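Step one of this worksheet: look at the structure below.
In this chain, residues are counted from 1 in sequence order. Worth saying up front: this structure is predicted, and the values here are computed from it rather than measured.
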Amino acid sequence: MKNVKLISLTLSMLICFLAAAQEKTISGTVTDKSKAPLPGLTIMVQKSKKATQTDFDGNYAIQAQPGDVLIFSYIGFKTQNIIVKQSNIINVIMQENSNQLQEVVVVGYGTSEYEDNSYSRPERKSRPVKASKVKAVSVQTSANYVPSSPSQNVVIRGVQSVSAKDEPLYIIDGIPVKSNQFAKINPNDIQEMKILKDAAATSIYGTKASNGVVVVDTKNGIYKNLSEKELNAKLNIQPVEPNQEDYNTFIENAFESPKMAPLSTFSIDVDNASYTNVRRFINNGQAVPKDAVRVEEMVNFFKYSYPQPKDQNPFSITTELSDSPWNAKNKVLKIGLQGKNIPTESLPASNMVFLIDVSGSMSDVNKLPLLKQSLKILVNELREKDKVAIVVYAGAAGLVLAPTSGNEKQTINDALEKLNAGGSTAGGAGIELAYKIATENFIKNGNNRVILATDGDFNVGSTSNTDMEKLIEEKRKTGVFLTCLGYGMGNYKDSKMETLADKGNGNYAYIDNIQEANRFLGKEFKGSMFAIAKDVKIQIEFNPKQIQAYRLIGYENRKLRPEDFKNDAIDAGELGSNHTVTALYEIIPVGVTSDYLNTQPDDLKYTKVKETDLNYKDELATIKFRYKKPDGDKSIEIVQVIENKAVALEKASDDFKFSTAVAWFGLKLRDSKLISNTSSDNILKLAKQGISNDTEGYKAEFIRLTESAKFN
């Protein structure tokens with residue numbers, strides 16, 4: 001009998017183990033029938049009771065396994081049960097439930113029996129509140145029922161309309177709360193919601209209620225009598241720290257004459273950290289710091305429909321010339337690279353070292369806890385032939401997991417789960433140890449990579465940034481690539497992260513939520529983690545017969561000297577499998593009068609170009625590319641001539657319209673002095689015209705961000 005019980009117990013444990021092993025990350029977007037996102041919607045796994053909520057853009061991610069039932073529930077909408085199958089992406093369109101919407105109670109406009117509406121004034125409980133019958137009241141929100149960001153507005157409409165900027169007073173379980181706190185309420189916790197307006201509101205709550213009151217009672221009064229600190233903790237709202245974030249300052253590229261500066265040279269940049277960081281500021285209802293905006297990283301966050309390479313080179317080249325949307329007389333040249341899409345089974349074996357900051361500054365929810373969940377997504381992509389080691393640093397550096405096969409996912413995840421934050425920030429020792437482990441386990445012709453995850457608030461040597469640059473430049477000689485993952489806010493050091501990625505054969509992403517982790521480390525795993533070409537440089541020579549002046553949009557920190565182009569010792573950017581890279585040049589054609597054109601001296605003797613010497617009147621420019629194979633030391637060069645053939649903006653490709661709209665938005669955020677049209681409506685119009693191939697909804701998200709952005 002004991003043996004039977006033992007066998008039964010063993011089988012049960014085995015079944016549980018196999019079930020856990022089959023778990024995967026399910027993600028998607030939840031919208032209403034008009035495709036508007038539904039933030040704050042609850043998704044629960046029926047069997048395990050695991051639950052999560054959608055973010056500002058209706059995105060979610062949850063661990064489940066095939067056969068599990070996901071329950072999607074939201075006040076005002078019909079609950080949906082969806083069975084998990086083979087796909088990792090489940091997008092849901094919710095249907096309105098008119099019966100549930102009738103549960104909203106309106107008080108102050110109908111005769112009511114005694115009810116305790118004086119939450120903040122307990123001394124008035126003995127007196128009933130009477131109100132005359134006037135008109136119905138409705139609630140209008142700028143997006144959905146429960147706003148999920150401070151930038152959204154709630155407007156109570158009655159006899160008179162009120163401005164969307166005039167927010168009502170929010171009361172939860174008798175406690176006056178702020179809009180960002182109200183936005184975090186779980187809709188499933190709400191038992192009743194009441195709307196007060198005009199005299200009914202001000203008679204109870206005073207002049208603060210002049211724009212109406214939204215009164216919420218929760219089940220069991222879970223927020224009653226909480227202090228501000230306790231309320232924020234319960235709603236998972238992080239305290240806003242004094243802004244000690246650090247960004248590299250740079251000057252926007254100016255127009256240059258092809259007669260004075262015939263060559264423009266720069267390194268490609270596949271980083272997109274700036275876009276997700278900008279998104280974080282906008283979602284928090286904050287103005288974006290100018291130096292946080294790197295236009296090229298915003299443009300390169302998005303994928304474009306460039307053709308796959310058809311020759312032996314690892315990327316294809318696409319160019320397009322059309323009108324500048326922000327300066328009507330000018331043109332914009334778009335250059336697009338498309339990396340070769342290598343099948344997963346053909347990718348080389350990986351030797352990865354997770355270098356994780358566990359110092360005291362990483363204790364916030366959006367730092368180490370988010371970091372651990374992020375890296376689990378990456379672990380899920382690993383194969384048996386891949387291996388992972390984990391190095392941590394705080395006051396000192398240490399190896400917490402020796403190189404482990406990618407099929408031992410539970411072992412790796414367990415090691416991650418045990419990490420806790422505390423101590424100082426000696427990043428130099430961590431970098432040294434991580435590269436040592438990576439070098440000792442180096443795989444020839446493999447993918448050797450250190451993945452640094454931190455808020456960037458660490459020290460390397462006595463002069464910090466200078467010593468850090470020297471250290472990382474020395475380490476890149478080992479052939480080990482670097483990926484930087486940034487987390488957190490308040491003390492975030494973007495400047496250090498960018499420097500590390502730029503100097504260390506690396507790329508850089510800012511992870512602001514689990515959906516972004518799922519995108520960068522899951523959906524785009526191949527492009528993020530597997531380089532197909534390194535030290536990719538671009539050099540373009542413009543034809544002065546056609547062009548008075550040109551300027552590179554963005555890439556200020558990636559510009560190179562003309563002589564660096566053929567110098568194989570000069571580091572440049574890496575291109576990943578199936579990655580796209582886009583660069584934009586603004587051009588002032590010959591014959592155009594422009595306020596942005598510097599007057600050229602006409603008395604030069606040696607640099608003056610004679611018009612009769614120019615025999616290339618049909619050419620706009622000649623563009624050259626140089627790259628190395630991931631394990632190579634010698635560059636390969638590609639040359640392509642760009643014809644002077646422009647199309648009108650309305651006939652330009654969707655890729656051209658959307659990429660220039662993103663660049664335009666970035667230039668406006670930076671308060672560029674080189675754009676004449678700064679209309680947000682025009683930016684939105686162009687973006688909407690160019691929105692296509694948006695299966696993941698990122699382009700639609702950009703449109704929503706543009707609509708809600710605050711400008712300095």
Side-chain angles (χ1 to χ4, degrees), residues 266-276 279 294-311 313-322 332-344 347 481 483 501 506-510 516 519-538 540 552-555 558 572-585 623 625-627 630 638 640 642 652-666 687 690-702:
F266 66 99
S267 158
I268 69 162
D269 188 357
V270 297
D271 298 343
N272 46 52
S274 179
Y275 178 80
T276 50
R279 179 175 67 190
R294 294 186 288 274
V295 177
E296 74 280 4
E297 293 187 22
M298 296 186 66
V299 171
N300 283 320
F301 177 87
F302 301 95
K303 301 303 176 189
Y304 305 100
S305 302
Y306 303 145
Q308 282 287 315
K310 296 180 180 178
D311 54 20
N313 293 309
F315 55 85
S316 67
I317 303 162
T318 303
T319 60
E320 186 174 5
L321 181 66
S322 187
V332 170
L333 172 65
K334 177 174 70 67
I335 303 166
L337 305 186
Q338 172 65 61
K340 186 175 182 180
N341 188 11
I342 300 175
T344 301
L347 291 170
F481 289 83
T483 293
N507 55 2
Y508 166 32
Y510 176 76
E516 178 59 22
R519 182 193 73 86
F520 186 78
L521 299 172
K523 297 170 186 174
E524 298 183 10
F525 171 73
K526 293 193 296 184
S528 304
M529 297 294 153
F530 291 87
I532 59 173
K534 68 178 182 181
D535 292 339
V536 183
K537 306 172 188 174
I538 299 176
I540 186 165
L552 179 60
I553 306 296
Y555 291 93
R558 293 285 191 160
E574 286 65 52
L575 184 67
S577 173
N578 207 35
H579 250 154
T580 60
V581 177
T582 301
L584 303 173
Y585 277 93
I623 188 167
F625 303 84
R626 287 177 73 87
Y627 71 91
I638 308 171
Q640 185 169 309
I642 303 173
S653 69
D654 289 347
D655 284 344
F656 185 95
K657 292 174 182 175
F658 194 83
S659 61
T660 51
V662 176
W664 194 358
F665 180 60
I691 194 169
S692 62
N693 299 317
D694 189 34
T695 55
E696 303 293 342
Y698 297 125
K699 294 178 181 178
E701 175 193 57
F702 169 77

Salt bridge (charged side-chain N to carboxylate O under 4.0 Å, His left out) partners for Lys303, two or more places apart: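 In terms of salt bridge (charged side-chain N to carboxylate O under 4.0 Å, His left out), with neighbours along the sequence ignored, Lys303 is linked to Glu524.
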Salt bridge (charged side-chain N to carboxylate O under 4.0 Å, His left out) involving Lys334 - partner list, sequence neighbours excluded: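 In terms of salt bridge (charged side-chain N to carboxylate O under 4.0 Å, His left out), with neighbours along the sequence ignored, Lys334 is linked to Glu320.
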So [Y] and [X], do their side chains get closer than 4.5 Å, heavy atoms only?
{"X": "Thr318", "Y": "Pro307", "answer": "yes"}
{"X": "Phe315", "Y": "Ile638", "answer": "yes"}
{"X": "Ser659", "Y": "Tyr304", "answer": "yes"}
{"X": "Tyr585", "Y": "Ile553", "answer": "no"}
{"X": "Phe625", "Y": "Lys537", "answer": "no"}
{"X": "Asp269", "Y": "Tyr508", "answer": "no"}

Can you name the residues that form a side-chain hydrogen bond (donor to acceptor under 3.5 Å, both in side chains) with [X], not counting sequence neighbours?
{"X": "Asn313", "answer": "Asp311, Tyr627"}
{"X": "Ser577", "answer": "none"}
{"X": "Glu297", "answer": "Arg294"}
{"X": "Thr319", "answer": "none"}

Minimal non-hydrogen separation, Ala687 against Phe702, with atom names: CB-CE2, 3.9 Å
Nearest non-hydrogen partners of Pro630 and Ala533, listed with the distance: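 Smallest heavy-atom distance, with atoms named: CG-N, 4.1 Å.
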Separation of Phe481 CZ from Glu574 CD (nearest 0.5 Å):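 If I round to the nearest 0.5 Å, the distance is 5.5 Å.
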Under the side chain to side chain contact (heavy atoms under 4.5 Å, CB included) test, which residues partner [X], sequence neighbours left out?
{"X": "Ser267", "answer": "Arg558, Leu560, Ala572"}
{"X": "Ser305", "answer": "Asp655, Asn693"}
{"X": "Gln308", "answer": "Gln338, Lys340, Asn341, Asn578"}
{"X": "Thr276", "answer": "Arg279, Phe301, Tyr510, Asp512, Glu516"}

Ring centers of Phe530, Phe525 separated by less than 6.0 Å: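 Here the rings of Phe525 and Phe530 have centres that are less than 6.0 Å from each other.
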Between Thr582 and Tyr306, a side-chain donor and acceptor under 3.5 Å: yes
Reference residue Ile538; test side-chain contact (heavy atoms from CB on, under 4.5 Å); the match among Ile317, Val581, Ile623: Ile623
Under-4.0 Å salt bridge between Glu696 and Arg519: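 Salt bridge flag = no for Arg519 with Glu696.
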